[in-house]
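Sharing a structure below in structure tokens format, with a few things to ask.
Chain naming here is simple, since letters A, B, ... match the order of the sequence lines and numbering starts at 1 in each. Keep in mind that the numbers below use all heavy atoms, side chains included, and drop hydrogens, waters and symmetry copies. Everything numeric in this text was worked out from a predicted model, so none of it was measured.
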Number of protein chains: 2
Amino acid sequence: MSSCDTCVVRNRAICSGLDDAELVSLNNMGRRRNVTAGEPLIWEDDDSLLVANVIEGVLKLTTSTEDGREQIVGVAYPSDFIGRPFGQTSSASVVALTDARVCVFSRNDFDRFAREHPELEHKLLERTLAELDRTRSWMMLLGRKNASEKIATFLLEMSERLADSTCTAATGPAKRFSLPFSRQQVADLLGLTIETVSRQFTKLKNDGVVELPSRREVEIVNRGALLALAG
Amino acid sequence: MSSCDTCVVRNRAICSGLDDAELVSLNNMGRRRNVTAGEPLIWEDDDSLLVANVIEGVLKLTTSTEDGREQIVGVAYPSDFIGRPFGQTSSASVVALTDARVCVFSRNDFDRFAREHPELEHKLLERTLAELDRTRSWMMLLGRKNASEKIATFLLEMSERLADSTCTAATGPAKRFSLPFSRQQVADLLGLTIETVSRQFTKLKNDGVVELPSRREVEIVNRGALLALAG
DNA sequence: TTGCATTTTTGACATCGGTCAACGTCGGGG
DNA sequence: CCCCGACGTTGACCGATGTCAAAAATGCAA
């Protein structure tokens, strides 16, 4: 029995749509790997040696300047594809934010397999186009929104993304959730400093828009206010 | 004779790699269209009705907030593909920056054709992955660079992109070029105001890093200094 | 439980870039 | 050739956000 049979993202990841024989041969190429929170999987500017599907957990994609400034340029959730196929180097580092489980492939093997399986390439194309859309809307946030708009947008996005990954049914955005980010990571995602993030969180709490039961927990009390703030 | 035979981007656009018969059928689906500077081709949030290859000219991809703030989220040069295949709505508006010539297809026709031609989908995938890389490195600029770093990075990128599209040989980055952007558009690209852009240009001129013979012309006098400033 | 390292919050202050307003310059059309 | 409107530059000022420092909270481990 291939491990794909028990894979929880089997029907959402790019492997969906492959027939049994294809799945067996893809399965033979890849292997499961556990990554602990904080552990890197791919390094920026390194040769692109591996690609992967996220099975469980959340990972960040980052780029850094020489002097150590960091920008989170993407976040990968279960069923997302990570790594840079068909390219020599990867343009971002990938680091686990939570303990995670991924299904990794050598890039060369994956490239070859993908080129022989148009349906897989199509899935990857759809995913990449959707990711590009998301990335572009994040550019608007980074370039044109102020701190409170950024935080509001971020919380709304979190409440949607985290609902999707925890519930199988479409139960709508989560009212309460646990952030997979530290304050510093929120800052790196929004192009702010940790102090500004902290002050904006405090302000939302004081204004009764959210509750913050613990460092990572968020409860949205007034979604309408958040929507208005997000602009 | 199909118009593809005389297409100047024939060997660089996603159509490269198609055989003669495929090219004829693609050609029958599409049509040439001229777009004058400032003219929109695709509207944000509209149904995605058409996609296109850029033959000549430069176009901007933008997203806007309700209150009129604009962020340029991409720039399309000759041989680039624009529009949102395999999706219901397009996440960005496309507007010509210069007079341009494009090869447009109905999205439905294109989607169908693409699904039947894996080689074309593969080209589109490679292009989309490369665009995602570029977009992510622009996120670092928007989120973490200051005004002078943004301007320096922008000028270096222009000198590379504009060299590519004007010279067939790889002559390296252009020392002198004509910006396809107004000052306001540069601001919209970098997440700045027009005043800050203007002041930074003036500073670079006063520091002897660039010459600005006219509004749109730029000559890079000291590339090393720009590289250092870009961070 | 206590102690300690880490993360987060808070405060005081500095500064970069935005805002508003005036002026200058360019270039196309009459 | 000149005028006019659009575009760009410059200056004065302001405020949002960054910086630096210290205190507080958290949570892990002994």
- Message: Distance to the ring centre below 6.0 angstrom and angle to the axis at most 45 degrees; does that hold for A:Arg183 and A:Phe201?
- Response: yes
- Does the D:dC20 base have a donor-acceptor partner in the side chain of A:Glu195 within less than 3.5 Å? yes
- What does B:Arg183 touch in the nucleic acid at a heavy-atom separation under 4.0 angstrom: a base, only the sugar-phosphate, or nothing? sugar-phosphate
- Message: Of the listed nucleotides (C:dG17, D:dG11, C:dT9), which one gets closest to any side-chain atom of A:Thr202?
- Response: C:dT9
- Message: Heavy atoms from C-beta onward define the side chain here; which of D:dT10, D:dG18, C:dT8 lies closest to that of A:Thr196?
- Response: D:dG18
- Item | Residue whose nearest DNA chain D nucleotide is more 5′ - A:Ala147 or A:Arg215 | A:Ala147
- Query: The side chain of B:Ser198 lies closest to which of these nucleotides: D:dT10, C:dT8, C:dG17?
  - Reply: D:dT10
- Query: Hey, does the side-chain of B:Arg216 have a donor or acceptor N/O within less than 3.5 Å of a partner on the base of D:dG8?
  - Reply: no
- Query: Over how many whole Å does the gap from B:Lys203 atom NZ to C:dG17 atom C1' extend?
  - Reply: 15 Å
- Query: Does B:Arg136 come within less than 4.0 Å of A:Glu131, counting only side-chain N to carboxylate O?
  - Reply: yes
- Message: Using a distance-only criterion (donor-acceptor N/O pair, under 3.5 Å, no hydrogens), is the base of D:dG11 paired with the side chain of B:Arg199?
- Response: yes
- Query: Separation of A:Gln200 atom CD from C:dT10 atom P, in whole Å?
  - Reply: 13 Å
- Message: Quick one, A:Phe81 with A:Phe105, criterion ring-ring contact (aromatic ring centres under 6.0 Å, His included). Give me CA distance, side-chain angles, the key distance, then yes/no.
- Response: CA-CA 11 Å; A:Phe81 181 86; A:Phe105 306 92; 8.0 Å; no
- Query: Does the distance from a Lys or Arg side-chain N to an Asp or Glu carboxylate O, for A:Arg144 and B:Asp188, drop under 4.0 Å?
  - Reply: yes
- Message: Rounding to an integer number of Å, can you tell me how far B:Glu217 CD sits from C:dC26 P?
- Response: 14 Å
- Euclidean distance, atom CD1 of residue A:Ile151 to atom C1' of C:dT9 [Å, nearest integer]: 14 Å
- Going by an N to O cut-off under 4.0 Å, is there a salt bridge joining B:Lys175 and B:Glu211? no
- Query: What is the distance, rounded to the nearest whole Å, between atom CG of A:Asp188 and atom C1' of C:dT7?
  - Reply: 14 Å
- Considering only side-chain heavy atoms of A:Thr193, which listed nucleotide, C:dT10, C:dT19, D:dG18, is closest? D:dG18
